[in-house]
Amino acid sequence: MINGVKGTQDLYFPEIKAWHRIEAAARELFALYGYSEIRTPVMEHTELFVRSVGDETDIVSKEMYTFQDKKGRSLTLRPEYTAGVMRSVVENRLHDSARHSRLYYIGPQFRYERPQKGRYRQFHQIGIEALGDASPGCDFECITIGRELMRRLGIAQVEVRINSVGCPRCRPAYTEKLREALAGRSGELCQDCRRRLETNPLRVLDCKVPSCQPVLTEAPKISECLCDECAAHFEEVKNLLSEFEVPFVPWPRLVRGLDYYKKTVFEMISPLLGAQDALLGGGRYDGLLGQLGGPALPSFGWALGLERLALITPAGEEKREPEVYIAWMGGELYKPALRIASKLREKGVPVIIDGEERSVKNSMKRADRLNVKFAVIVGEDEIKAERLTVKNLESGEQFAFGVEEAASFFMSNS
RNA sequence: GUGAGUAUAGCUCAGCUGGUAGAGCUCCGGACUGUGGAUCCGGCCGUCGCGGGUUCGAUCCCCGUUACUCACCCCA
């Protein structure tokens with residue numbers, strides 16, 4: 001037997017229904033905010049991710065599915081979606097049209113990580129990108145959309161954590177200060193933290209090793225070191241969230257694993273997930289577009305993990321499918337049954353009919369197992385009388401209808 | 001990349017200090033030859049993850065390997 005690739009999964013009924021529900025809710029909500037969909041290729045030139053995500057990040061340095069095509073070009077299966085969208089924006093000059101300033105996407109992404117609960121090698125994200133708006137209001141609106149989506153899906157237990165990681169003007173000063181503060185106490189930090197202190201100091205703040213906590217709690221907070229512009233921006237985002245009653249928790253040690261973030265970053269976490277509890281995350285990435293050769297337009301965006309969201313999206317109650325099962329008996333009645341099936345479908349009634357011959361009893365059993373709402377019996381008596389026997393499998397009630405009559409009955413009872 | 005746990009029928013799992021497998025559910029059929037779900041009866045399905053070792057003999061013990069799960073790491 002050939003197995004599926006490690007870290008990938010097959011998705012089908014009934015789990016697929018939660019996915020459809022999430023996707024439908026997202027599309028509907030995004031439309032209400034003027035967003036339109038963008039689909040970009042699953043593979044891109046490796047260079048795109050190196051330049052945007054950052055070559056020091058874990059994603060780029062050890063998690064990418066990179067390969068050479070037949071002409072020796074280095075290609076990569078996208079490990080995240082924003083880079084591809086930004087590439088497309090620059091390449092197609094989407095920034096020239098106001099219609100393209102609010103974009104959303106849904107699709108698979110690939111990272112070579114050790115799979116665990118809520119984390120796969122092929123995983124799916126839904127995300128939005130707002131282009132060209134540097135205002136705190138933009139940050140606020142994007143966060144609101146995420147929160148609203150959770151609300152619409154009936155997910156009660158979410159916490160919005162928010163922070164500012166500063167900008168190229170104020171961050172270097174902060175990192176320096178952080179490095180100084182921790183340098184004297186590096187003996188109390190774990191191996192990873194000591195390494196990160198050199199490579200990516202901000203990430204030290206994110207460490208979860210218990211022994212590091214006392215040191216980190218006392219470390220200088222970035223919110224106290226922001227430049228005037230970043231500080232004012234962050235304040236206004238928080239004001240708007242408070243004003244419009246979006247609950248949030250300032251999280252001074254929240255940082256992100258992608259280099260392109262500036263100013264506002266945020267996450268929505270759910271205690272219902274396992275260790276991988278980040279449900280949705282994102283932030284501001286002014287400068288990314290310019291870095292990829294486009295105009296210096298500011299942007300804000302976030303992405304949510306579909307696998308994780310599906311894990312905690314409440315399932316609707318299980319009820320019978322509004323379909324009809326056609327039970328026919330006697331080989332000569334198969335073709336008449338097929339004609340009835342196609343007439344019903346033309347009227348919009350979903351119909352299941354099997355090619356295999358069964359007894360009435362087994363047909364009824366089959367209809368029950370299929371969990372359909374109605375069975376239609378097509379036997380000699382029915383053909384002679386030109387009436388279909390229609391049985392409601394929930395109530396047990398039985399009716400005799402002509403085909404047209406049956407069709408309208410099903411349509412009004414499904 | 002690191003650590004721990006698990007691997008026996010389609011599914012969930014039992015299998016005593018080593019003597020080459022069993023239950024429940026599902027599925028199929030019958031009791032009920034034109035009526036499902038309940039009940040009863042019967043039936044199908046296993047290289048006991050894979051490779052090696054120890055042993056007269058291994059599902060059980062040992063080594064390796066692969067997959068899955070959870071956690072670290074990282075992230076959605």
Side-chain angles (χ1 to χ4, degrees), chain A residues 1-9 22 53 56-64 79-82 105-128 146 190-193 195-196 200 203 206-210 254-258 261 265-270 273-283 301-312 320 325 327-330 333 356 358-382 389-398:
Chain A
M1 186 172 64
I2 299 173
N3 297 103
V5 175
K6 187 186 180 94
T8 66
Q9 55 176 358
I22 294 167
V53 178
E56 284 298 319
T57 60
D58 281 22
I59 293 176
V60 171
S61 64
K62 49 191 197 199
E63 295 174 1
M64 296 206 300
E80 59 105 43
Y81 220 130
T82 297
Y105 57 81
I106 299 179
Q109 274 131 103
F110 307 83
R111 287 181 206 170
Y112 191 89
E113 297 181 278
R114 194 77 168 262
Q116 73 186 71
K117 186 174 173 137
R119 191 174 71 185
Y120 302 92
R121 288 184 174 178
Q122 173 171 341
F123 63 104
H124 298 76
Q125 291 187 335
I126 298 181
I128 62 173
C190 68
Q191 284 270 311
D192 283 326
C193 281
R195 176 181 51 78
R196 279 187 287 234
N200 199 347
R203 292 222 61 86
D206 210 22
C207 184
K208 284 152 201 115
V209 175
L254 175 64
V255 293
R256 317 230 73 231
L258 290 76
Y261 286 109
V265 293
F266 79 106
E267 270 180 11
M268 290 176 45
I269 64 109
S270 165
L273 292 165
Q276 310 299 316
D277 62 357
L279 197 54
L280 183 152
W302 56 248
L304 66 82
L306 258 167
E307 282 81 1
R308 293 182 188 177
L309 189 51
L311 217 50
I312 61 168
R320 291 188 180 241
Y325 181 79
W328 55 274
M329 54 244 21
L333 293 182
E356 200 122 339
R358 286 189 167 79
S359 65
V360 179
K361 176 185 165 56
N362 284 332
S363 288
M364 297 311 285
K365 188 180 270 189
R366 173 107 173 129
D368 184 55
R369 299 279 148 89
L370 285 167
N371 211 33
V372 301
K373 206 163 169 183
F374 300 102
V376 166
I377 297 173
V378 180
E380 267 178 63
D381 302 347
E382 282 77 9
T389 299
V390 171
K391 180 165 187 173
N392 181 324
L393 291 170
E394 277 167 354
S395 64
E397 287 174 291
Q398 223 160 277

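Computed over heavy atoms, backbone and side chain alike; hydrogens, waters and symmetry mates excluded. Computed from a predicted structure; not experimentally measured. Chain A is the first sequence line, chain B the second, and so forth, proteins listed ahead of strands; every chain is numbered from 1.
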**Asked** Looking only at atom P, what distance separates B:A31 and B:U35, rounded to whole Å?
**Response** 11 Å

**Request:** In whole angstrom, give the distance that lies between atom CZ of A:Arg358 and atom P of B:G30.
**Result:** 12 Å

**Message:** Both A:Gln276 and A:Gly282 contact RNA chain B. Taking the nearest nucleotide for each, which residue is further toward the 5' end?
**Reply:** A:Gln276

**Request:** Compare the minimum distances between each of B:G34, B:C75, B:A67 and the side chain of A:Ala278, then state the nucleotide with the smallest one.
**Result:** B:C75

**Fill in**
In whole angstroms, the gap separating P of B:A76 from CD1 of A:Ile128 amounts to 14 Å

**Request:** Report the distance from atom CZ of A:Arg119 to atom P of B:C70, rounded to the nearest whole Å.
**Result:** 10 Å

**Item:** Pairwise P distance, B:G15 and B:G30 [rounded to whole Å]
**Value:** 37 Å

**Ranges pairing with ranges for RNA chain B, where each run has three or more Watson-Crick or G-U pairs under 3.5 Å** = B:1-7 with B:66-72, B:10-13 with B:22-25, B:27-31 with B:39-43, B:49-53 with B:61-65

**Item:** Integer angstrom distance from the P of B:U8 to that of B:U47
**Value:** 11 Å

**Gap between atoms NZ and P, on A:Lys62 and B:C75 respectively (whole Å)** = 10 Å

**Prompt:** On a whole-Å scale, what distance lies between the P atoms belonging to B:A23 and B:G18?
**Reply:** 24 Å

**Message:** When the C1' atoms of B:U20 and B:G24 are compared, how many Å lie between them, rounded to an integer?
**Reply:** 24 Å

**Distance between C1' atoms of B:U6 and B:A14 (Å, rounded)** = 16 Å

**Request:** Please determine if a side-chain N or O atom of A:Arg114 lies less than 4.0 Å away from the OP1 or OP2 oxygen of B:G3.
**Result:** no

**Prompt:** Is there a donor in the side chain of A:His124 and an acceptor in the side chain of A:Glu307, or the other way round, less than 3.5 Å apart?
**Reply:** yes

**Item:** P spacing across the pair B:A21 / B:C50, given as an integer number of angstrom
**Value:** 16 Å

**Donor-acceptor under 3.5 Å (A:Gln109 side chain, A:Tyr81 main chain)** = yes

**Prompt:** Where each residue is assigned the nucleotide of RNA chain B containing its nearest heavy atom, which of A:Glu267 and A:Lys117 is assigned the position nearer the 5′ end?
**Reply:** A:Lys117

**d(CD1, A:Ile377; P, B:U35) in whole Å** = 9 Å

**Item:** Spacing of A:Asp58 atom CG relative to B:C72 atom P, expressed in whole Å
**Value:** 15 Å

**Prompt:** Once you round to the nearest 0.5 Å, how far does OH of A:Tyr105 lie from CD1 of A:Ile128?
**Reply:** 9.0 Å

**Request:** Measure from the side-chain N and O atoms of A:Arg111 to the backbone N and O of A:Arg121, and report whether any donor-acceptor pair falls under 3.5 Å.
**Result:** no

**Request:** Kindly give the heavy-atom pair with the smallest separation between A:Ala303 and A:Gln125, and that separation in Å.
**Result:** CB-OE1, 3.5 Å

**Request:** Look at all strands and tell whether A:Ala303 reaches a base, only sugar-phosphate, or nothing, counting heavy atoms closer than 4.0 Å.
**Result:** sugar-phosphate

**Asked** Any sub-3.5 Å donor-acceptor pair from A:Arg119's side-chain atoms to A:Glu113's backbone N or O?
**Response** no

**Request:** Please tell me if the side chains of A:Val255 and A:Val265 come closer than 4.5 Å, counting only heavy atoms from C-beta onward.
**Result:** no

**Request:** Could you tell me whether A:Glu80 contacts a base, only the sugar-phosphate backbone, or nothing, with contacts defined as non-hydrogen atoms closer than 4.0 Å?
**Result:** nothing

Please tabulate, one pair per line, each protein N/O and nucleotide N/O from nucleotides 37-40 of chain B that are separated by under 3.5 Å, including the distance.
| unit_1 | atom_1 | unit_2 | atom_2 | d |
| --- | --- | --- | --- | --- |
| B:G37 | O4' | A:Asp368 | OD2 | 3.2 |
| B:G37 | N2 | A:Leu393 | O | 3.4 |

**Asked** Side chain of A:Glu382, base of B:G34: donor and acceptor closer than 3.5 Å?
**Response** yes

**Asked** Contact class for A:Gly127 vs. all strands (heavy atom < 4.0 Å): base, sugar-phosphate, or nothing?
**Response** nothing

**Prompt:** Is A:Gln116 side chain donor-acceptor paired with the B:C73 base, going by distance under 3.5 Å alone?
**Reply:** yes

**Asked** In a check of side-chain contact (heavy atoms from CB on, under 4.5 Å) between A:Met364 and each of A:Lys391, A:Arg369, A:Arg358, which one passes?
**Response** A:Lys391

**Item:** Residue pair A:Glu382 / A:Thr389, side-chain donor-acceptor N/O under 3.5 Å
**Value:** yes

**Request:** Let me know the distance between CG of A:Leu304 and P of B:A76, rounded to the nearest Å.
**Result:** 11 Å

**Item:** B:G10 to B:C72 separation - C1' atoms, rounded to the nearest Å
**Value:** 35 Å

**Asked** What's the shortest heavy-atom distance between A:Met329 and A:Ile377, and which atoms?
**Response** SD-CG2, 4.2 Å

**Request:** Decide yes or no for A:Arg366 and A:Leu370: does some side-chain heavy atom of the first lie under 4.5 Å from some side-chain heavy atom of the second?
**Result:** yes

**Prompt:** Counting only side-chain N and O atoms of A:Asn362, is one of them less than 4.0 Å from OP1 or OP2 of B:G29?
**Reply:** yes

**Complete:** A:Met364 atom CE is separated from B:U33 atom C1', nearest whole Å, by 17 Å

